[in-house]
Amino acid sequence: MSHSIRVRFAPSPTGPLHMGGVRTALYNYLFAKKHGGTFILRIEDTDQTRFVDGAETYIQEALDWCGIVPEEGGKAGGEYGPYRQSERSDLYQREIQRLINSGAAYKAFDTPESITAKRSGAKGAVWQYDSTTRMSMRNSLSLSSEEVEQLEAAGHPYTVRFKMPDSAQEVLVQDEIRGEIRVSTHVLDDKVLMKTDGFPTYHLANVIDDHHMEISHVIRGEEWLPSTPLHVLLYDAFGWPVPKFAHLPLILKPTGNGKLSKRDADTGQFPIFPLEWNDPLTGDTSMGYREQGYLPEAFINMILLLGWSGGNEEELYTLEEAAEAFNLKRVVKAGARFNPEKALWFNEQYLRKGDTNRWVLPLKSAAEGKMESWSDPQCQAVLDMFLERVQFLHEIPAKKYLFTAPDSYDEKVVRKKWRPETADYLKELAEVLRGIDSFDSATIEREFKGFLEARELGFGAVLPQFRLVLTGTGGGPSMFDFATFIGKKATLHRLEKGVAALS
RNA sequence: GGCCCGUUCGUCCAGGGGUUAGGACGCCAGGUUUUCAUCCUGGUAGCAGGGGUUCGAAUCCCCUACGGGCUACCA
């Protein structure tokens, strides 16, 4: 067996991946990158009843968008495939037979109804299929071998269960994040390993696959911690080495109690999915971070810090930096309550980072055709004016005054700033501007200031009003830049139009 | 109910025997600025409670409380 680091992200295609799942994938990915290991995507589709059309594609696309690209998996290929559990049935059949032969597992012919009956019959206490009850059930331990043969020959469906030790023993789980966890087998039940439909349950499939795929570290959500002792026992029963485990804390709802769940998508307050999801069954649409205008780097950075920190005050990480800094030991043990407001802040940070020209194409695409005919310098000028004033790129093309003269003016601003003498000032300003040959920001500013000085006016007496007639609003980018952007002709036109409308 | 995990500002994350308990988001105030933002400065607010151990506990141990997870022929 090789000693290389191999980790996997193993979602089941029962719906879209939410933030928690993406974070699990991210931590696996970072861990692999950090150690020069391999990140594998495995699809756990052993429950045929919960299959959701499009879910697997969604998972792939979501990971692609985030930049968490598997090096091995259905799409990427690899030596350890197939990477879809529904295609690995032969292996599971072969391996479970070994467990039955060795006595570590047994066949159980009980119907779901008979088990339900036992459960509801147990007043007070919780009924469990375990060493204390199994001999009163119909299985290959309680029945004679003739009876078992007959049942099988008659095509009686059966499950295969793990046989917990008769006498209690302590199972030790070593967790990379939580340390040692000890559980007594006497509280564990005889879990179903193979269902009547011939498909393995999660417990069996994940152990077999992790072994055969030579997974070195199992990094998964905390919800698996309680069944890890069973998994350890399974490795032992197979005679296989036990991989390292790391159980990640859960992501909690922003408000209220409980872990974040797909139901939280319905509140419509904030996205919980990376990409928009159209439910094929209900026809409902749940919003996605991508569609809301979040940048993948911002989204990834946000979930990175939801349960991990580098131990310092660094908050901005590229994927590469995160891979360099990542360390399982620094994963926080407690569940993290997700805070949508911070997601906004991360997006702003990434929008303002680096050269503005990297947003030219994204801006055009966010404009949905409205900026199709714009030149790159035009786009760049707009980005320079707006990037530090918006949280999302799509807010920029939503500014109507970028395209046309305003046909209405913010009433509040009019009330506060429009004075009887304003119209005259603006008419005079128009004449000053008309006289400028080189209509650039610096010249406009110089002339504007010269005009104020000559008339002994303050900025407050003219500039907000100038802005009002040009944009219809009380806030926005530098007016000198903006006037330059729309040009002399449009500037004069808007001035004239505004003065006429407001006088 | 049982088992397991957890608990530092409202939220996220540092600190891990001696700290004025630090940073970020948010919020508030001030400054810069032609408005709005950006940016800068400051403020707000926290070690769940109780017992130990110790000269000294937010930090180590125990109990309680609270939160979370699991307890399916789901993953």
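Order of the sequence lines fixes the chain letters, A, B, ..., with proteins taken first and strands second; residue numbering starts at 1 for each chain.
With sequence neighbours left out, the side-chain hydrogen bond (donor to acceptor under 3.5 Å, both in side chains) criterion links Asp384(A) to Thr356(A). The ring-ring contact (aromatic ring centres under 6.0 Å, His included) search around Phe162(A) returns none, not counting sequence neighbours. When the side chain to side chain contact (heavy atoms under 4.5 Å, CB included) test is applied to Ser120(A), no partner is found at least two apart in sequence or on another chain. Scored by the side chain to side chain contact (heavy atoms under 4.5 Å, CB included) test, Glu176(A) finds Lys244(A), Ala246(A), Leu328(A), Lys329(A) as partners (sequence neighbours excluded).
In the displayed structure, Glu395(A) atom CD is contacted under 6.0 Å by more than 12 heavy atoms of other residues, nucleotides or ligands. Heavy atoms of other residues, nucleotides or ligands lying less than 6.0 angstrom from NZ of Lys34(A) number more than 12. The environment of NE2 in His394(A) is crowded: more than 12 heavy-atom neighbours from other residues, nucleotides or ligands sit within 6.0 Å.
Rounded to whole Å, the C1' atom of U38(B) lies 23 Å from the corresponding atom of U44(B). U32(B) and U41(B) have their C1' atoms separated by 11 Å, given to the nearest Å. The separation of G2(B) from G50(B), taken at their P atoms, amounts to 26 Å, rounded to a whole angstrom. Comparing the P positions of G10(B) and G6(B) gives a spacing of 23 Å, expressed to the nearest Å. Taking atom C1' in both G43(B) and A58(B), the straight-line distance is 24 Å, to the nearest Å. For C62(B) and G67(B), the P atoms lie 22 Å apart once the distance is rounded to whole Å. Of the P atoms belonging to U11(B) and G51(B), the separation is 26 Å, rounded to the nearest Å. Between C5(B) and A24(B), the distance separating the two C1' atoms is 27 Å to the nearest Å.
Atom-to-atom, NZ of Lys253(A) to P of U11(B) comes out at 17 Å; the value is rounded to the nearest Å. In this structure, Gln349(A) places its CD atom 13 Å from C1' of A37(B), rounding to the nearest Å. Rounded to whole Å, the distance from CG on Leu248(A) to P on G6(B) is 14 Å. When the P atom of A24(B) is taken as reference, atom CH2 of Trp308(A) falls 18 Å away, rounded to whole Å. In this entry the distance linking CG of Asp130(A) with C1' of C3(B) reads 13 Å, nearest Å. When rounded to the nearest whole Å, the span between NZ of Lys412(A) and P of C36(B) equals 11 Å. In this structure, Arg337(A) atom CZ and C12(B) atom C1' are separated by 12 Å, rounded to whole Å. As a whole-Å value, the separation of Tyr317(A) OH from C13(B) C1' is 10 Å.
Across all strands, Val390(A) comes closer than 4.0 Å to no nucleic acid atom at all (heavy-atom distances). Within 4.0 Å of Phe480(A), counting heavy atoms only, lies at least one base atom of the nucleic acid. Within 4.0 Å of Gly311(A), counting heavy atoms only, lie sugar-phosphate atoms of the nucleic acid but no base atom. Within the 4.0 angstrom heavy-atom criterion, base atoms lie near Pro477(A). Residue contacts shown for Arg467(A) include a base, since a base heavy atom lies under 4.0 Å away. Within the 4.0 angstrom heavy-atom criterion, only backbone atoms of the sugar-phosphate kind lie near Gly307(A); the bases stay farther away.
With distances taken from any side-chain atom of Glu313(A) to the nucleotides G6(B), G10(B), G23(B), the minimum falls on G23(B). Of the candidate nucleotides A37(B), C12(B), C4(B), A37(B) has the atom nearest to the side chain of Arg389(A). Among the nucleotides G6(B), C25(B), C5(B), the one closest to the side chain of Leu225(A) is C5(B). Among the nucleotides G22(B), G26(B), U38(B), the one closest to the side chain of Trp345(A) is G26(B). For Glu222(A), the side-chain atoms get nearest to C5(B) when compared with the rest of C3(B), C25(B), C5(B). Closest to the Glu388(A) side chain, of the nucleotides C3(B), U11(B), U38(B), is U38(B).
Side-chain N/O atoms of Arg330(A) include one lying less than 4.0 angstrom from OP1 or OP2 on G15(B).
Between Lys449(A) and Glu447(A) there is no salt bridge, since no side-chain N of the basic residue sits under 4.0 Å from a carboxylate O of the acidic one. At a threshold of 4.0 Å, the pair Arg42(A)-Glu87(A) does not count as salt-bridged, since none of the basic side-chain nitrogens sits closer than that to a carboxylate oxygen.
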One character per nucleotide, please: for nucleotides 70-75 of chain B, 5' to 3', B when the base has a protein heavy atom closer than 4.0 Å, S when only the sugar-phosphate does, - otherwise.
S-SBBB
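Between the side chain of Arg178(A) and the base of C5(B), no donor-acceptor pair of N or O atoms lies under 3.5 Å.
A cation-pi arrangement is found for Arg161(A) relative to Tyr129(A), the charged atom lying closer than 6.0 Å to the ring centre and inside a 45° cone about the ring normal.
Stem analysis of RNA chain B (Watson-Crick or G-U pairs, both distances under 3.5 Å, runs of at least three) returns B:1-7 with B:65-71, B:10-13 with B:22-25, B:26-31 with B:39-44, B:48-52 with B:60-64.
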Assess whether salt bridge (Lys or Arg N to Asp or Glu O under 4.0 Å) is satisfied between Arg84(A) and Glu56(A), documenting all intermediate values.
CA-CA 10 Å; Arg84(A) 200 178 281 123; Glu56(A) 191 182 328; 2.8 Å; yes
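Looking only at distances, a side-chain donor or acceptor of Lys195(A) sits under 3.5 Å from a matching main-chain atom of Thr46(A).
Toward the 5' end of RNA chain B, the nearer of the two residues Arg182(A) and Phe459(A), judged by each one's closest nucleotide, is Arg182(A). Annotation: of the two residues near RNA chain B, Arg352(A) and Glu315(A), the 5′-most nearest-nucleotide partner is Glu315(A).
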